[in-house]
Participant: 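Input: one structure, supplied below.
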Amino acid sequence: MWPVLAQEGRGSADRAEALRVRLEHADGRLHRRLRAAVQAGQGPALFRRWLEASPATPAGEGYDALDELVAGLLRLAEPGTGGPALEPGMVFYQPTPARHVLDMLARVRLAPRDVLVDLGSGLGHVPMLASLCTGARALGVEWQESHVTVARAAARALRLARVTFVAGDARDADLSAGTVFFLYTPFVGAVLRQVLDALHAEGRRRPIRVCTFGPCSPLVAREAWLRADGPATADRVVVFQAVRQRSD
Ligand SMILES: C[S@@+](CC[C@H](N)C(=O)[O-])C[C@H]1O[C@@H](n2cnc3c(N)ncnc32)[C@H](O)[C@@H]1O
């Protein structure tokens, strides 16, 4: 290669690297400021704007820059390995893309008396974002203890006192406090059937809503006791209202 071209190439690579480092520092500063605001209890005032700015129809299951921002805000550690393996019907961990969590929160409008329960809460994004953006109480139930350990540490570090995590099987969970339940296709088959029956029993006792995302949505839409707020497609959160039936 001509020496002058090689030098120019090196020059652009150096400039690109310098820009990358500056952007990383700027990201780090933004994450620290957001975390400090949440720790000071200013989350709902600050993040209400996120809900208002949530796009009208967020589509698709992929991740985007908002997930990067949320990762910097929540600073979740890598979960350890070990603990009980997933049983048949249980779905492995994958977080709901942040824009869909915000879309759900914008649509359900959690009131102070609401309690959001994420069934199969993984590393805890959904309960933490719900509480952080609205101040509401939120609970996560998760089979994998290693994930619950990470979620609890992250909530503690952000001083999210209204968020709790329970390690265990959603089939055995105490659902009595919940008013809004979220399922990002955490299980299928007989496990899903049992949890839906448990939710139906809760819905007979008090008004509840069930929000779903992913492939479980069309399955949940077959429940006669649930009324969807729109088409039950897999690529957008569906909000179901429990309705009283003649047999209830
Ligand atoms: C697709 S991930 C959803 C994670 C989280 N809800 C989110 O949206 O970020 C499904 C999670 O459900 C958990 N899970 C599967 N079966 C479960 C069960 N019976 N009880 C509790 N958690 C379960 C898995 O360990 C996994 O973390």
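Along the sequence shown, the residues carry numbers beginning at 1. Both counts, for ligands and for their atoms, begin at 1 and track the order of listing.
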Participant: Let me have the donor-acceptor pairs involving side chains of residues 20-31, under 3.5 Å, with sequence neighbours excluded, atom names and distances please.
Facilitator:
residue : atom : partner : partner atom : Å
R20     : NE   : E17     : OE1          : 3.0
R20     : NH1  : E24     : OE2          : 2.9
R20     : NH2  : E17     : OE2          : 2.8
H25     : ND1  : V21     : O            : 3.4
H31     : ND1  : D27     : O            : 3.3

Participant: So, the side chain of Y63 versus the backbone of P95: is there a donor-acceptor pair under 3.5 Å, distance only?
Facilitator: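 Checked: pair present.
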Participant: If you group Ile, Leu, Val, Met, Phe, Trp and Tyr by side-chain heavy-atom gaps below 4.5 Å, do L158 and V70 land in one group?
Facilitator: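 In one cluster with L158: V70, yes.
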Participant: Could you label the plane-to-plane angle of the H125 and Y93 rings as parallel, tilted or perpendicular, counting under 30° as parallel and over 60° as perpendicular?
Facilitator: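 Plane angle under 30°, so parallel.
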Participant: Members other than V243 in its cluster, when Ile, Leu, Val, Met, Phe, Trp, Tyr link by side-chain heavy atoms under 4.5 Å?
Facilitator: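 Grouped by the 4.5 Å side-chain rule, V243 forms a cluster of one, so the answer is none.
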Participant: Using distance only, find each side-chain donor-acceptor pair of residues 111-120 under 3.5 Å and give its atom names and separation, not counting sequence neighbours.
Facilitator:
residue : atom : partner : partner atom : Å
D114    : OD1  : T179    : OG1          : 2.7
D114    : OD2  : A111    : N            : 2.7

Participant: Report every pair formed by an N or O atom of ligand 1 and a protein N or O atom separated by less than 3.5 Å, giving atom names and the distance to 0.1 Å.
Facilitator:
residue  : atom   : partner : partner atom : Å
ligand 1 : 6 (N)  : D118    : OD1          : 3.2
ligand 1 : 6 (N)  : D118    : OD2          : 2.9
ligand 1 : 6 (N)  : G120    : O            : 2.7
ligand 1 : 8 (O)  : T96     : N            : 3.2
ligand 1 : 8 (O)  : T96     : OG1          : 2.4
ligand 1 : 9 (O)  : T96     : N            : 3.2
ligand 1 : 19 (N) : D169    : OD1          : 2.9
ligand 1 : 20 (N) : A170    : N            : 2.8
ligand 1 : 22 (N) : W143    : N            : 3.1
ligand 1 : 25 (O) : E142    : OE2          : 2.6
ligand 1 : 25 (O) : Q144    : NE2          : 2.9
ligand 1 : 27 (O) : E142    : OE1          : 2.8
ligand 1 : 27 (O) : E142    : OE2          : 3.3

